[in-house]
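Single-structure report; data block below.
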Amino acid sequence: SAVISQKPSRDICQRGTSLTIQCQVDSQVTMMFWYRQQPGQSLTLIATANQGSEATYESGFVIDKFPISRPNLTFSTLTVSNMSPEDSSIYLCSAGGGTADTQYFGPGTRLTVL
Amino acid sequence: QKEVEQDPGPLSVPEGAIVSLNCTYSNSAFQYFMWYRQYSRKGPELLMYTYSSGNKEDGRFTAQVDKSSKYISLFIRDSQPSDSATYLCAMSESSTGFQKLVFGTGTRLLVSP
């Protein structure tokens, strides 16, 4: 298995600002992902964080809004840029492969944009 | 039409009941199936994963996959109040769980003492 931590666990931000969320895995993993879970809804994949190269974004998500970094096999960041109230959501990091036998999730970051 | 359909519930049962949670899907390329449990204000916790049709058992939990009907189920025996949570099914076109997952909307389960 893999144990995943995220920082911050929650934040309240002002419109127009940016927030960077950190994801740390306790072992080396092949794949890392970022999902969004809007209130009362299920999880939607934002992007795959690729180690050493640009992230792969899903339809409807763009790099300028959600820049992602993955400098090594255990760490990734997601930035939510130029935030609006519509960005209020839970952002979840997941990881799998390598020493992890399947895909595991972090505890999430609860973001509220005023 | 969503790729994965799941009844949002809530599903209310008394303690000790057998619970059946289900998902249907439309994408015949899905071949890896997972169930996560999510408590309020927590991240999804992996319960079970399976590749191929058939049954897989782990303690009080049994996962069942019927690819011919595009239908998966999770059974919980002897349900406990601590099982009260939202249960999410997830699927992947990959033969492993390391790739993109498509989730159902989740079924909220309430087990009363």
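Lettering follows sequence order; numbering is per chain, from 1. Because only heavy atoms are used, hydrogens play no part in the values below, and waters and symmetry mates are left out as well, while side chains stay in.
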* Give a yes or no on whether B:Val4 and B:Tyr36 share a hydrophobic cluster (residues Ile, Leu, Val, Met, Phe, Trp, Tyr; joining criterion: side-chain heavy atoms under 4.5 Å apart). => no

* Applying the 4.5 Å side-chain criterion to the ILVMFWY set and letting contacts propagate, would A:Met32 and B:Tyr32 be lumped into a single cluster? -> yes

Is there any residue in [range] with a non-hydrogen atom under 4.5 Å from a non-hydrogen atom of chain B, and which ones are they?
range: residues 42-76 of chain A; answer: A:Ser42, A:Leu43, A:Leu45, A:Glu58
range: residues 105-114 of chain A; answer: A:Phe105, A:Gly106, A:Pro107, A:Arg110
range: residues 82-92 of chain A; answer: A:Leu92

* Minimum side-chain heavy-atom gap A:Phe33-B:Leu101 below 4.5 Å -> no

* Asked: Relative to chain B, which segment of A:Gln6 carries a heavy atom at a distance below 4.5 Å: side chain, backbone, both, or neither?
  -> neither

* Structure fact -> In this structure, CD of A:Gln37 is separated from OG1 of B:Thr86 (nearest 0.5 Å) by 8.5 Å

* Exceeds 12 heavy-atom contacts within 6.0 angstrom, atom CZ of A:Arg10 -> no

* To do: Using non-hydrogen atoms and a 4.5 Å limit, figure out which bit of B:Lys100 sits close to chain A: side chain, backbone, both or neither.
  => both

* To do: Examine whether an atom of B:Gln99 lies under 4.5 Å from a heavy atom of chain A, and if so say whether it belongs to the side chain, the backbone or both; otherwise answer neither.
  => both

* What residues of residues 106-113 of chain B sit under 4.5 Å from chain A when you count only heavy atoms? -> none

